[in-house]
Amino acid sequence: MYLAALLARTEDGWEASDTEIDDVETLSDLIELAREASVDDDTVIVFIEQEDAWFGLLRVEGEDDPRIYVSDGAAAARSSYGEILTKELLGDDQDDDTADLDALDLDGTEDGEPLDREDDDEETVGATADAVPAAPVGDRLILADLGLAEKELLALESDALAEIADALGAAEVLETVRL
């Protein structure tokens, strides 16, 4: 079971809402969901958690490149929504459209020889999930400027959403949504 929430910063503070992610199939869908909730291209944080196994954060600010953090890459890669995030972090999102290519942080290897990659067969997908570390992956400073330092983010375990909302000053707003 997944828990998903969206925290959008407005000029009046944070607004929180439960987020329906059933229709999300790609990172583009998730980014679009966040941008639709944005007011004046302000910060939007999408939080996804799978039953205390892992949580992921997607931070979107206007048209800037999205920032992603996942608490346990290997656990997330074995789930449908976590796989969306970990594929982006590992540069293995083969199904994304051209718009998402602009959001990638390319390291120059794209100019070299193409990777010898099979067409999405089960072995390749399984190998990708196995190659993801069972550790935090992504931008560990994703919330540092908003009040949650890297060390605190890495220490989060159960009920991470409540602690994140508290650090952002959005705990009361979040509680009204969760009731």
Side-chain angles (χ1 to χ4, degrees), residues 1-7 18-31 33-34 43-60 65-96 100-101 103-110 114-168 174 178:
M1 183 172 151
Y2 291 96
L3 165 68
L6 190 137
L7 300 170
D18 285 332
T19 302
E20 185 59 48
I21 57 174
D22 289 345
D23 295 332
V24 171
E25 295 180 9
T26 66
L27 182 61
S28 296
D29 294 342
L30 197 55
I31 292 169
L33 182 72
T43 303
V44 176
I45 308 291
V46 179
F47 176 90
I48 302 172
E49 179 180 51
Q50 184 182 17
E51 297 181 12
D52 294 330
W54 64 271
F55 71 89
L57 299 168
L58 172 70
R59 179 175 176 170
V60 176
D65 291 347
R67 297 168 66 185
I68 301 170
Y69 172 82
V70 176
S71 65
D72 183 333
R78 290 187 294 270
S79 72
S80 58
Y81 298 115
E83 184 181 31
I84 291 170
L85 299 174
T86 57
K87 275 185 165 184
E88 174 68 13
L89 290 170
L90 299 174
D92 190 33
D93 204 353
Q94 300 172 15
D95 298 327
D96 263 349
D100 278 352
L101 291 176
L104 295 175
D105 183 18
L106 301 175
D107 62 2
T109 57
E110 66 278 2
L115 292 175
D116 240 353
R117 204 181 285 204
E118 296 295 320
D119 287 328
D120 265 333
D121 62 358
E122 289 181 24
E123 283 182 10
T124 304
V125 173
T128 301
D130 293 340
V132 179
V137 293
D139 185 349
R140 296 175 180 203
L141 300 175
I142 191 168
L143 300 175
D145 63 324
L146 298 174
L148 191 69
E150 175 183 5
K151 183 177 179 180
E152 295 165 323
L153 180 64
L154 293 173
L156 294 177
E157 292 180 12
S158 63
D159 205 17
L161 177 57
E163 293 186 46
I164 290 169
D166 188 47
L168 299 178
L174 181 65
R178 292 178 99 179

Worksheet item: Rounded to the nearest 0.5 Å, what separation is found between the CG atom of Leu148 and the CG atom of Leu141?
Response: 10.5 Å
Worksheet item: How close do Pro66 and Ile31 get, heavy atom to heavy atom, and via which atoms?
Response: CG-CD1, 3.5 Å
Practice prompt. Rounded to the nearest 0.5 Å, what's the gap from OG1 on Thr86 to CD1 on Ile68? Could you check?
Written response: 9.0 Å
Item to complete: Would you name the heavy atoms of Arg140 and Pro136 that are closest together and state the gap between them?
Response: NH2-O, 3.5 Å
Fill in: Atom pair CZ/CD1 of Phe55 and Ile164 - distance to nearest 0.5 Å
4.5 Å
Worksheet entry | Check: Tyr81 side chain, Ile21 main-chain N or O, donor-acceptor pair, under 3.5 Å | yes
Discussion item. Measuring only between side-chain heavy atoms, which start at C-beta, is Ile84 closer than 4.5 Å to Ile48?
Written reply: no
Worksheet, complete the sentence: By salt bridge (Lys or Arg N to Asp or Glu O under 4.0 Å), Asp72 pairs with (sequence neighbours left out) none
Worksheet item: Can you name the residues that form a side chain to side chain contact (heavy atoms under 4.5 Å, CB included) with Glu163, not counting sequence neighbours?
Response: Leu156
Discussion item. Among Leu6, Leu7, Leu174, Leu3, exactly one meets side chain to side chain contact (heavy atoms under 4.5 Å, CB included) together with Phe47. Which residue is that?
Written reply: Leu3
Worksheet, complete the sentence: Residues Ala76 and Val70: closest non-hydrogen pair is CB-CG1, 3.4 Å
Worksheet item: What pair of heavy atoms forms the shortest contact from Glu152 to Gly147, and how long is it?
Response: OE1-O, 3.8 Å
Worksheet item: Which atom pair, heavy atoms only, marks the closest approach of Ala53 to Ala75?
Response: O-CB, 4.1 Å
Practice prompt. Output, in order, the C-alpha distance, side-chain angles, deciding distance and verdict of side chain to side chain contact (heavy atoms under 4.5 Å, CB included) for Leu27 and Lys87.
Written response: CA-CA 9 Å; Leu27 182 61; Lys87 275 185 165 184; over 6 Å; no
Item to complete: Can you sort out the partners of Arg67 under side-chain hydrogen bond (donor to acceptor under 3.5 Å, both in side chains), two or more places apart, ordered by chain and number?
Response: Asp139
Practice prompt. First locate atom CG of Leu30, then atom CG of Asp23, and finally report the distance between them rounded to the nearest 0.5 Å.
Written response: 12.0 Å
Worksheet item: Who passes side chain to side chain contact (heavy atoms under 4.5 Å, CB included) against Glu25, sequence neighbours left out?
Response: Asp29
Item to complete: Output all residues satisfying salt bridge (Lys or Arg N to Asp or Glu O under 4.0 Å) with Asp145, sequence neighbours left out; order by chain, then residue number.
Response: Arg59
Worksheet item: In Å, rounded to the nearest 0.5 Å, how long is the span from CG of Leu153 to OH of Tyr69?
Response: 4.0 Å
Practice prompt. Would you name the heavy atoms of Ala77 and Glu83 that are closest together and state the gap between them?
Written response: O-CB, 3.9 Å
Worksheet item: Can you tell me how far the CD atom of Glu20 sits from the CG atom of Leu33, to the nearest 0.5 Å?
Response: 9.5 Å
